[in-house]
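Below is one structure, written out as structure tokens; comments come after it.
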Amino acid sequence: MEPLIKAMQQHPELAVFLTLALGYLIGRIKFGSFAIGSVTGVLIAGVLIGQMKIDVSPNVKAVFFLMFLFAIGYKVGPQFFGGLRKTGLPQAVVTVVLCLTALCTSFAAARLMGYNIGTTAGLLAGSMTESATLGTAGDAIHRLSMPEADQDQLVDKMTIAFAVTYLLGTISTAWFLPAIGPLLMRVNLKEECRKLEQEMSGGGPSHAPGVQSAYRAWDIRAYRVPGGDLPGQTIAEFEARWHGAGRRVFVQRLRRGEQLLEPEPQMKILAGDVLALIARREFLLAPDFPLTGEVEDKELLDFPGVILDVVVTNKEYSGKTLAELATISDQGRLMSHGVILRKIVRAGTELPFTAATEVNRGDTLTLVGAQRDVERAARVLGYVNRATSMTDMVFVGLGIFIGGLMGLQELPVHGIPVGLGTSGGVLFAGLVLGWLRSVYPVFGHIPESALWLFDSVGLNAFIAVVGLSAGPAFFTGLKEAGFGLILVCLAVVFISHTVAILVGRFLLKMHPGIVLGACAGAGTATPSLLAVQEAADSKVPALGYGLPYALGNVLLIAWGTVIVVMMR
């Protein structure tokens, strides 16, 4: 082992990548349905490999951390700025309550137990499962007027406290919200979510990644027009006849003799025409459906269809419900004509939806239908997020640079220089630029794969360096921290989520499932959202996750600086 140890001591960059590899491998370990997760895995690997006393430049940690912060801001920016209104206000209140309670509980417990600044910051970061809090707290510690050796010692204690409390915070939150949350609200979570889902069209059963349901709610078929009252009607009249009954049917194409025609609203239907119709299956099979002569006409049905991800940027339609969007006309045709909404993604989370669901700026709608219909809807709503492998690195590089410079500005508070720091400045820049990207999509494209690299690898490389640096002092510090740190972590988790649940349910009158989803988002605890959805057998909790996740990230990252100032 000695040659290997020496090689990594001389080339610490190799140790970082070994830590990432082993960490992601450890993160795949599962206990039942619970996975350890990449952050915990990388931290464990870093601490173990760090026993070899590997010295990694702090600049490496800073570079990866800024990548992560920019990616987080970019991803949640549209929801952060666009969701603080209407129905988003109660979710924002729950988020602020939870984050403030966690901050105050951590501070009170630290005073009671006699913890130092580093241990307290690690406790707050771990119990709230917000790894980025380590970065802002570390920046604040290094700005304190004390010897550098003392600063490094505080950062080591922060890392040890975080390592002890992060996994515990993840597990306890994932248990508390689905198990105790409904009891606090005195509700049957499954029943409440089932009631809200009765009219939902987008919250079907979930499947593993890459697997889709074989069932198709919409279908396209060809029918020959008989005699009777149909001939003589216009296309618009035929389609409108059924919309009044709460049904939607669209004529996508028409065969007249040997001709294939694109239907126009005022075109009249003739006996013998063959219509290519798109409608819900139950309508096509209903007893009162007027066309029974289905025909096989591959040429007629073989028109170009597309599946497009459309990002909503048009502020005129932000805040409107899906039912309202369906009535908007564009160039004489309904924008919804021939367009099927497959899913809505907000802040990276797929939402269930009903006709009453509001669409926000920055939402991504997956639309399916004939190419001309879907592209028409996309032009009205925003822009098509087409797959591309190119990242606008001018946008990313300048965003991180300018945000970092902004964060360097400081104001003295009780003799302590307080500012956003480079980390807070970069997060703010990511929020603003992510929002601008959703409004003006002509610049700043970051593909999903690149965003994952910035987000996941950026965070875990930062955690890897933290673990490697703290490794030599970890076990000694863990012994010093003692069993009391575990009890304090549980107190922070349980108290903060209890207060948020009670405020959300009984003061703000929010739906129980949405309250629990908001708590999961405010605590930036994605595993707990999955646990709540599993307990509810529903996607309803995801409706409360997006805005709290965005706001919770910002607040908890800021708390890294705040807790250092409070403890100082």
Side-chain angles (χ1 to χ4, degrees), residues 12-13 16 20 56-81 130-143 151 155 311 313 347-348 362 388-412 417-466 469 550-551 553-562 564:
E13 65 274 14
V16 173
L20 286 173
V56 184
S57 170
N59 291 334
V60 176
K61 178 174 64 175
V63 167
F64 281 109
F65 187 57
L66 295 184
M67 287 172 52
F68 161 72
L69 287 177
F70 185 84
I72 282 290
Y74 179 90
K75 186 165 60 174
V76 305
Q79 182 67 13
F80 178 76
F81 289 110
E130 180 52 80
S131 312
T133 304
L134 292 182
T136 51
D139 286 348
I141 288 173
H142 284 298
R143 293 200 299 271
Q151 294 175 352
V155 171
V311 180
T313 61
T388 175
S389 60
M390 297 293 292
T391 297
D392 188 347
M393 282 306 300
V394 174
F395 172 85
V396 174
L398 285 178
I400 294 176
F401 174 73
I402 295 172
L405 287 181
M406 291 170 50
L408 291 177
Q409 309 307 310
E410 295 178 337
L411 293 173
V418 176
L420 291 175
T422 55
S423 52
V426 169
L427 174 65
F428 181 74
L431 288 168
V432 172
L433 294 177
W435 173 76
L436 285 175
R437 162 70 182 170
S438 72
V439 179
Y440 305 105
V442 296
F443 65 92
H445 176 69
I446 304 179
E448 193 66 31
S449 55
L451 197 59
W452 178 89
L453 188 71
F454 288 177
D455 184 350
S456 180
V457 177
L459 173 62
N460 283 300
F462 164 75
I463 293 295
V465 178
V466 167
S469 301
L551 183 57
N553 266 288
V554 175
L555 290 178
L556 291 173
I557 291 172
W559 279 186
T561 301
V562 173
V564 171

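Numbers for residues simply follow the sequence, beginning at 1. Side-chain atoms are counted along with the backbone in the values below, which use heavy atoms only and exclude waters and symmetry mates.
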Return the minimal non-hydrogen interatomic distance between [X] and [Y], and the atom names on each side.
| X | Y | value |
| --- | --- | --- |
| Met390 | His445 | O-CD2, 3.2 Å |
| Leu556 | Thr133 | O-OG1, 2.8 Å |
| Ala71 | Phe454 | CB-CB, 3.6 Å |
| Phe64 | Ala461 | CG-CB, 3.3 Å |
| Gly403 | Ala429 | CA-CB, 3.7 Å |
| Ala137 | Val564 | O-CG2, 3.8 Å |

CG of Asp392 to CG of Leu433, rounded to nearest 0.5 Å, is 10.5 Å
How long is the span from the CE atom in Met393 to the CD1 atom in Ile446, to the nearest 0.5 Å? 8.5 Å
Partners meeting side chain to side chain contact (heavy atoms under 4.5 Å, CB included) with Val562 (sequence neighbours left out): Leu103, Trp559, Met566
For Leu453, enumerate each residue passing the side chain to side chain contact (heavy atoms under 4.5 Å, CB included) test, keeping only those at least two apart in sequence or located in another chain. Val457
So, does Tyr74 use its side chain to make a donor-acceptor pair with the main chain of Gly444 at under 3.5 Å? yes
Ignoring hydrogens and angles, tell me if any N or O in the side chain of Asn460 forms a donor-acceptor pair with the backbone of Ser456 under 3.5 Å. yes
side-chain contact (heavy atoms from CB on, under 4.5 Å) with Val426: which of Ile402, Leu431, Ile400? Ile400
Atom CZ of Phe395 with >12 non-hydrogen neighbours under 6.0 angstrom: yes
Evaluate Thr561 against Asp139 for side-chain contact (heavy atoms from CB on, under 4.5 Å), listing each step before the verdict. CA-CA 8 Å; Thr561 301; Asp139 286 348; over 6 Å; no
